[in-house]
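Since the structure comes first, as structure tokens, the remarks are kept for the end.
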Amino acid sequence: MRLRFAPSPTGFLHIGNARTAIINYLLAKKYSADFILRIEDTDIDRSSRESEESILHDLRWLGISWNEGPDAGGNFGPYRQSERFDIYKRYSDQLLAEGKAYHCYCTPEELERMRSNAAATGSYEYSGRCRNLSGEEKKRFIAEGRKPTIRFRVPDGETVVVDDIIKGRVVFSSENIGGDFIIVRSDGVPVYNYIVVIDDALMHITHVVRGEDHLSNTPKQILIARALSLPVLQYAHLSLVMGNDRKKLSKRHGITSVDMYRKEGYLPEALVNYLAMLGWAAEGDREILSVDEIVEQIELEKLAKSAAIFDFQKLRWMNGHYIRAKSLEELLPLMLPHIRGAGIDTDAIEQKTLLRTIEILRPYCELIGDIRHLAGMLLAEIPEYDDEAQTLLSTPEAALLIKESCNFFNHEPQNDITQLVTVLKAATGLKGKHLFHPLRALLTGKLKGPDLEHVIEILGFEGCRKRAEYVYQKFFYSEQQ
RNA sequence: GUCCCCGUCGUCUAGGGGUCUAGGACACUGGGUUUUCAUCCCAGCAACAGGGGUUCGAAUCCCCUCGGGGAUGCCA
């Protein structure tokens with residue numbers, strides 16, 4: 001069994017393509033199949049090496065690996081279509097020689113005109129104008145300087161059956177696949193629907209698992225395979241991933257490139273888990289599964305036929321779950337850049353303190369990047385005091401607490417910080433939320449957050465003292481003026 | 001327009017003739033834990049697109065309608 005993922009390097013790895021890659025990879029793992037990565041870079045204007053590299057990078061980040069590919073080599077290369085033009089040329093020459101394809105001299109402008117005329121009346125398909133050109137007509141077109149494309153001569157009255165592993169039996173007739181289609185452009189570059197057949201055959205692919213948007217292309221490909229006496233493969237067409245407006249997922253639905261998910265602080269295991277579960281369900285109502293568990297259970301036959309709307313909420317929930325499941329040691333390097341991004345000098349902080357901070361703050365994180373807005377509460381010299389906290393700290397009730405806090409730090413520097421709450425309680429006569437609320441605001445600058453006990457533990461005597469002093473200066477002292 | 005695919009809670013899904021007064025998860029609501037919020041735990045809300053058949057019996061099989069999607073490119 002040999003599977004493949006064949007992206008075109010025209011941008012970042014899209015989340016929908018990532019799902020296709022993941023499912024192929026998971027299946028390859030399950031069946032110990034070879035997994036081939038092929039780069040479909042025949043759209044020369046839009047393809048780039050940078051895109052290819054970023055796609056490979058994103059695939060690796062997701063934990064996907066392949067046995068053969070442009071970087072890995074293999075016995076059936078090259079693995080970039082742009083490096084295989086001589087192969088495609090041989091086959092198109094053969095089709096031409098056998099009369100199964102022909103030169104078409106229609107210009108893009110002419111075709112566009114035919115198309116728009118047809119749109120008014122009804123359906124469009126290529127008229128077949130150049131199907132049976134006389135030598136005379138050909139000569140004339142050539143004399144006009146027209147560069148021909150090569151069109152595949154679609155046979156009449158053929159039935160094409162796709163026995164799709166997911167969709168079931170789908171029957172097409174050669175009459176209504178849109179007429180003779182172009183297989184080689186006028187500049188000599190071959191077209192997807194044609195070369196995909198050659199590559200899959202030559203690379204000994206056994207199962208083509210790809211997006212449903214290719215289902216209608218499949219009869220064209222099968223017709224090509226027949227014409228070339230190449231094998232027809234097993235197909236499995238994955239239902240598409242949609243945005244919340246039920247349109248194919250695209251940029252306007254939010255972030256759609258794997259690259260962005262990584263930057264936002266999603267974990268690859270969450271993305272893999274979520275994408276695998278989109279259109280598939282594991283036994284026993286389980287939602288959170290490791291790659292190995294998914295590999296054990298996943299089957300093409302059990303994948304959903306219907307399109308699925310991408311649920312960002314659920315992905316976030318799952319990501320939060322994986323954040324909580326990770327060890328602190330694993331989390332630290334992932335969160336460190338974000339903590340630094342919040343302007344905190346992590347080099348000045350003991351590793352032990354950082355780990356403990358992450359432990360305390362982690363329940364508040366759905367994304368790794370969420371730590372950025374939280375870290376300041378525990379690690380900044382002086383945290384940001386939000387509006388709610390400022391309002392609270394300006395009340396007379398808080399004034400008393402602020403004053404007594406400063407007392408605690410200034411007059412008895414030997415005080416045990418763990419006694420702060422007890423001492424303040426006695427000194428102010430406040431208790432319950434009347435005590436904890438303003439104290440929280442004073443220490444963290446926020447009205448909500450982790451246990452004050454933990455906050456005090458991380459801040460220590462000095463940290464708490466600095467904040468109390470800051471608040472005294474800002475809210476208490478200024479009010480006395 | 002034509003061809004093709006699809007249609008169970010708001011969303012992802014389980015279910016494939018009787019065990020379905022339709023199960024789980026996210027979201028939402030309420031409660032518990034907590035000084036607060038988050039985590040965690042418990043409970044609740046909420047669906048078989050519509051209409052015809054077939055059958056003793058249909059969410060499950062068939063047909064039609066409607067709805068959604070994809071293809072119809074010298075993109076892949």
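Sequence lines set the chain letters: A, B, ... in the order given, protein chains first and strands last, and positions in each chain run from 1.
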Could you go over nucleotides 61-70 of chain B and give all protein N or O partners under 3.5 Å, atom names and distances?
{"unit_1": "B/G69", "atom_1": "OP1", "unit_2": "A/Lys247", "atom_2": "NZ", "d": "2.1"}
{"unit_1": "B/G70", "atom_1": "N2", "unit_2": "A/Ser216", "atom_2": "OG", "d": "3.4"}

Identify the pairs formed between an N or O of the protein and an N or O of nucleotides 33-35 of chain B at a distance under 3.5 Å, and give each distance.
{"unit_1": "B/U35", "atom_1": "N3", "unit_2": "A/Arg440", "atom_2": "NH2", "d": "3.4"}
{"unit_1": "B/U35", "atom_1": "O4", "unit_2": "A/Arg440", "atom_2": "NH2", "d": "3.3"}
{"unit_1": "B/U35", "atom_1": "O4", "unit_2": "A/Leu452", "atom_2": "N", "d": "2.7"}

Filtered N/O pairs between nucleotides 26-32 of chain B and protein, under 3.5 Å:
{"unit_1": "B/C26", "atom_1": "O2'", "unit_2": "A/Lys314", "atom_2": "N", "d": "3.4"}

Practice task
For A/Asp311 and A/Leu278, run side chain to side chain contact (heavy atoms under 4.5 Å, CB included): C-alpha distance rounded to whole Å, both residues' side-chain angles, the deciding distance at 0.1 Å, then the answer.
Solution key: CA-CA 9 Å; A/Asp311 186 349; A/Leu278 198 60; over 6 Å; no
Exercise for the section: Under the side chain to side chain contact (heavy atoms under 4.5 Å, CB included) rule, what do A/Trp317 and A/Lys314 come out as? Steps first, then yes or no, please. Expected result: CA-CA 5 Å; A/Trp317 162 77; A/Lys314 191 157 185 178; 4.1 Å; yes
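Nearer the 5' end of RNA chain B, as judged by each residue's closest nucleotide, is the contact made by A/Ser173, out of A/Ser173 and A/Asp285.
Among residues two or more places apart in sequence or in another chain, the side chain to side chain contact (heavy atoms under 4.5 Å, CB included) test is passed with A/Pro78 by A/Glu83, A/Arg84. A search for side chain to side chain contact (heavy atoms under 4.5 Å, CB included) contacts involving A/Glu269 returns A/Leu267, A/Tyr322, A/Lys326, not counting sequence neighbours. A/Phe141 meets the ring pair (Phe, Tyr, Trp, His ring centres under 6.0 Å) test with A/Tyr105; sequence neighbours excluded. With sequence neighbours left out, the side-chain hydrogen bond (donor to acceptor under 3.5 Å, both in side chains) criterion links A/Tyr102 to A/Asp180. Qualifying ring pair (Phe, Tyr, Trp, His ring centres under 6.0 Å) partners for A/His214, counting only residues two or more places apart in sequence or in other chains: A/Tyr192.
A/Ser239 comes within 4.0 angstrom of no nucleic acid atom, judged by non-hydrogen atoms across all strands. When heavy atoms are screened at a 4.0 angstrom cut-off, A/Val189 is found touching no nucleic acid atom at all. If you check every strand for non-hydrogen atoms under 4.0 Å, A/Cys106 touches a base. Contact annotation for A/Phe310: no contact, since no heavy-atom pair falls under 4.0 Å across all strands. As judged by a 4.0 angstrom heavy-atom cut-off over every strand, A/Gly179 is placed among residues making no nucleic acid contact. In this structure, A/Asp164 reaches neither bases nor backbone, as no heavy-atom distance under 4.0 Å exists between it and the strands shown. Base engagement by A/Thr149 is indicated by at least one non-hydrogen atom pair under 4.0 Å involving a base atom. Heavy atoms of A/Glu287 sit under 4.0 angstrom from at least one base atom.
Residues A/Arg113 and A/Glu110 form a side-chain contact, since some pair of their non-hydrogen atoms from C-beta on lies under 4.5 Å apart.
For A/Arg324, the listed nucleotide lying nearest its side chain is B/C40; candidates were B/C40, B/C74, B/C4. Across B/A76, B/G73, B/C12, the shortest atom-to-atom separation from the side chain of A/Arg115 is found for B/G73. Nearest nucleotide to the side chain of A/Tyr192, out of B/C74, B/U13, B/A76: B/A76.
No more than 12 heavy atoms of other residues, nucleotides or ligands lie within 6.0 Å of NE2 in A/His57, so this atom counts as exposed by the packing criterion. Around CD of A/Glu384, the count of heavy atoms belonging to other residues, nucleotides or ligands within 6.0 Å does not exceed 12. Residue A/Glu329 places its CD atom among more than 12 non-hydrogen atoms of other residues, nucleotides or ligands, all under 6.0 Å distant. Heavy atoms from other residues, nucleotides or ligands lying under 6.0 Å from CZ of A/Phe12 number 12 at most.
Look at CG on A/Leu443: it is 16 Å from C1' on B/C37, rounded to the nearest Å. Atom pair A/Ile371:CD1 and B/A38:C1' shows a separation of 12 Å (rounding to whole Å applied). At whole-Å resolution of the value, CZ in A/Arg169 and P in B/C5 are 12 Å apart. Here B/U39 presents its C1' atom at 17 Å from CD1 of A/Ile358, a figure rounded to the nearest Å. One atom, NZ of A/Lys220, and another, C1' of B/U72, lie 7 Å apart when rounded to the nearest Å. Atom CE in A/Met277 sits roughly 10 Å away from atom C1' in B/G24 (whole-Å rounding). Distance CD1 (A/Ile309) to C1' (B/G7): 12 Å, rounded to an integer number of Å. In this structure, A/Leu303 atom CG and B/A14 atom C1' are separated by 15 Å, rounded to whole Å.
Here CD1 of A/Ile371 is found 8.0 Å from CG of A/Leu379. Values are rounded to the nearest 0.5 Å. To the nearest 0.5 Å, atom CZ of residue A/Arg362 and atom CZ of residue A/Arg324 are 9.0 Å apart. Here the straight-line distance linking atom OH of A/Tyr194 with atom CD1 of A/Ile182 works out to 14.0 Å at 0.5 Å rounding.
If you check residues 4-15 of chain A against RNA chain B, the residues with a heavy atom closer than 4.0 Å are A/Ser8, listed by number. Using a 4.0 Å cutoff on non-hydrogen atoms, no part of residues 150-158 of chain A comes near RNA chain B.
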Fill in the blank from the handout: Quick tally for nucleotides 45-50 of chain B: nucleotides whose base has a protein heavy atom under 4.0 Å get B, sugar-phosphate-only ones S, the rest -, giving ------
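Between the A/Arg151 side chain and the A/Ile183 main chain, no donor and acceptor come within less than 3.5 Å of each other.
A donor-acceptor contact closer than 3.5 angstrom links the side chains of A/His253 and A/Asp245.
Legend: side chain to side chain donor-acceptor pair (under 3.5 Å) pairs involving residues 294-307 of chain A, not counting sequence neighbours: none detected.
Applying the 3.5 Å distance criterion, the base of B/C12 shares no donor-acceptor pair with the side chain of A/Tyr274.
Using bins of under 30°, 30° to 60° and over 60° for the plane-to-plane angle, the ring pair A/Phe181/A/Phe152 lands in the tilted bin.
Of the candidates A/Leu26, A/Asn273, A/Ile22, A/Val291 forms a side-chain contact (heavy atoms from CB on, under 4.5 Å) with just one, namely A/Leu26.
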